[in-house]
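Below, chains carry the letters A, B, ... as their sequence lines are ordered, and counting in each starts from 1. Computed over heavy atoms, backbone and side chain alike; hydrogens, waters and symmetry mates excluded.
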2 protein chains.
Amino acid sequence: MSTVVNETLNRRERLRAETAREIRTIALKLMGEGGPDAITLRAIAREMGMTAGAIYGYYATRDDLITTLIGEVYTGLVDAVEAARDARPADDAAGRLLAWAEALRTWALANPQGFRLVYGDAVPGYRPPEGGPAATARGRACAGLVGLIADAWPHARPARRQASYGWPDFGEELGARIRAEHPGLPPAAVAVALRAWGRMHGLLALELYGHLSPIATDPGALYRDEMLDLVGSLGLEPPVA
Amino acid sequence: MSTVVNETLNRRERLRAETAREIRTIALKLMGEGGPDAITLRAIAREMGMTAGAIYGYYATRDDLITTLIGEVYTGLVDAVEAARDARPADDAAGRLLAWAEALRTWALANPQGFRLVYGDAVPGYRPPEGGPAATARGRACAGLVGLIADAWPHARPARRQASYGWPDFGEELGARIRAEHPGLPPAAVAVALRAWGRMHGLLALELYGHLSPIATDPGALYRDEMLDLVGSLGLEPPVA
DNA sequence: GCATTCACTACACGCCGTTCAGTTTTTCTA
DNA sequence: TAGAAAAACTGAACGGCGTGTAGTGAATGC
């Protein structure tokens, strides 16, 4: 079945793909306006001049659509942070980490509903599926963060390294990937990367969910400060600029 | 009208208060079973042998009920972390901070839906009201954290203090409270406290929302590690135990 | 040219929050 | 203590939701 798919798509298939994309586009628009809960099959259909039932020809259920959207949005997020990282020279470990973190916050502030979709409760009892684009995007994010930590690892003070971790402490897939990409990197570095992820996520989540606004007038300064502290704790010199 | 309320509550008022409490209790039970979205006026009424409309005699709207619940749950959370902190001797700054952090995670794992209720999207367009129990609880949490940082402040390395903050960078109410409770404490300490909050919240939120489970097998170890790093970065010696 | 496939509509079901007129129960008062 | 006033509650309704299912009309392929 995987042979000879070279023929251009049928007119039918083209229309079909286009409609599926329109559904997703409108869903994202609705999400941007009213949050993940505004993604309603009936609202999408209304916007498209269709009936809600028609969407079931494209997505088996609302959760399926949401899952697809999460994958798309998450991928866009990882694209953004990776691009920001790669805009810095490869030997500027501190700059690359800071660029990643700053791009994450910039993206989150520009797409607050997307952040909620990816990291919050999109659906009541929603459990992300095992594989799929969302898992891939998360894998990229984790691997990217580990890469940033790996670049900084030679500078890290030994005091920070004493926690005892082994590869079994981490997901098999991620562990294998990291051992391939960064031979010789100890598993403790993965723990540092995940903790760095937590430091970024924590202040961002608090800010985006409104828990910081009545308390701190400039959450961005707090966040930058936190990232500089992180860079410093890795033994890196933050850039003077 | 405010005069002479000394009389014991009417039988009516007693029954009324009891019913209101039953509503809240059942709502929390439903939340524990099915998350915040399972809090449904109809489900509550069903469980009580009532009609959904009857609840409107006690709470003006579902959001009002949710708001009340958030306040209660948040208060319970702060009670728990404060108790854990106060179980340690006053001169053990590191132990008190670690106890606070550990109690936070313990509470969150025991009440994951409560964590979602307080820190996540309880309601689509929900904006927490200005005052109320939830704001009070958050104030207690912040003040408590600042207190923990204040105890550690004399030990902090000067390198960590160079960020420039002023009192206007923080909420008026919180600022006044802190200046009263900790005279001489610079505003930069508040920033450190909020960043510490972020470090706790980040790993916890990632774990509870299932973003860490496919990656790290023991998020608790990660969390403890992060907290030890935090304590160390404050210049405190973590307890040997 | 015609059978098949596909996209879609119309309708139904059960859930939800919310409102409101009416009924029942309790409390207060004359 | 009888009746008025107030409070508590019901039952039905409205609109909105996700989700199925039978039927319709047009495009596709032989």
Does a side-chain N or O of A:T40 approach OP1 or OP2 of D:dG18 to a distance below 4.0 Å, or not? yes
How long is the line joining CG of A:L15 and C1' of D:dA27, in whole Å? 10 Å
Assign the ring pair A:H201 / A:F115 to parallel, tilted or perpendicular, where the plane angle (0 to 90°) is split at 30° and 60°. parallel
Among D:dA6, C:dA12, C:dA10, the one nearest any side-chain atom of A:T51 is C:dA10
Judged by atom type as modelled, is there a donor-acceptor pair below 3.5 Å linking the side chain of A:Y223 to the main-chain atoms of A:A101? yes
Atom of A:D64, atom of A:A60 and distance for their closest heavy-atom approach: OD2-CB, 3.7 Å
Report the distance from atom CZ of B:R16 to atom P of C:dT26, rounded to the nearest whole Å. 16 Å
Once you round it to whole Å, what is the distance between P of C:dT9 and CG of A:L41? 13 Å
Output yes when at least one side-chain N/O atom of B:R62 is less than 4.0 Å from OP1 or OP2 of C:dG17, else no. yes
Can you tell me which nucleotide in C:dC16, D:dC9, C:dG17 comes closest to the side chain of B:A54? D:dC9
Looking just at side-chain N and O atoms, do A:R24 and A:Y59 make a donor-acceptor pair shorter than 3.5 Å? yes
Separation of D:dA8 atom C1' from B:E13 atom CD, nearest Å, is 15 Å
How would you label the contact of A:Y59 with the nucleic acid (heavy atoms, under 4.0 Å): base, sugar-phosphate, or nothing? nothing
Find the distance B:I55:CD1 to C:dG17:P and express it as a whole number of Å. 8 Å
Main-chain N/O of A:R224 paired with A:R105 side-chain donor or acceptor, under 3.5 Å: no
More 5' along DNA chain C: A:Y58 or B:T61, using each one's nearest nucleotide? A:Y58
From the set D:dA8, D:dT19, C:dT18, return the single nucleotide nearest to any side-chain atom of B:A52. C:dT18
So if I take every side-chain heavy atom of A:M50 and compare against C:dT26, C:dT9, C:dT18, which nucleotide ends up nearest? C:dT9
Can you tell me if the side-chain N/O atoms of B:Y56 get under 4.0 Å from OP1 or OP2 in C:dC20? no
If you look at every strand shown and take non-hydrogen atoms under 4.0 Å, does B:T19 touch a base, only sugar-phosphate, or nothing? nothing
Atom-pair distance (CG on A:D63; C1' on D:dG18), nearest Å: 10 Å
Distance check needed: D:dT19 P versus A:L65 CG, whole Å only. 10 Å
Among D:dG18, D:dA13, D:dC9, the one nearest A:R42 by side-chain distance: D:dG18
Rounded to whole Å, how long is the line connecting atom CD1 of B:I44 with atom P of C:dG17? 8 Å
From the options D:dG18, C:dT18, C:dC16, select the nucleotide whose nearest atom is closest to the side chain of B:R46. C:dC16
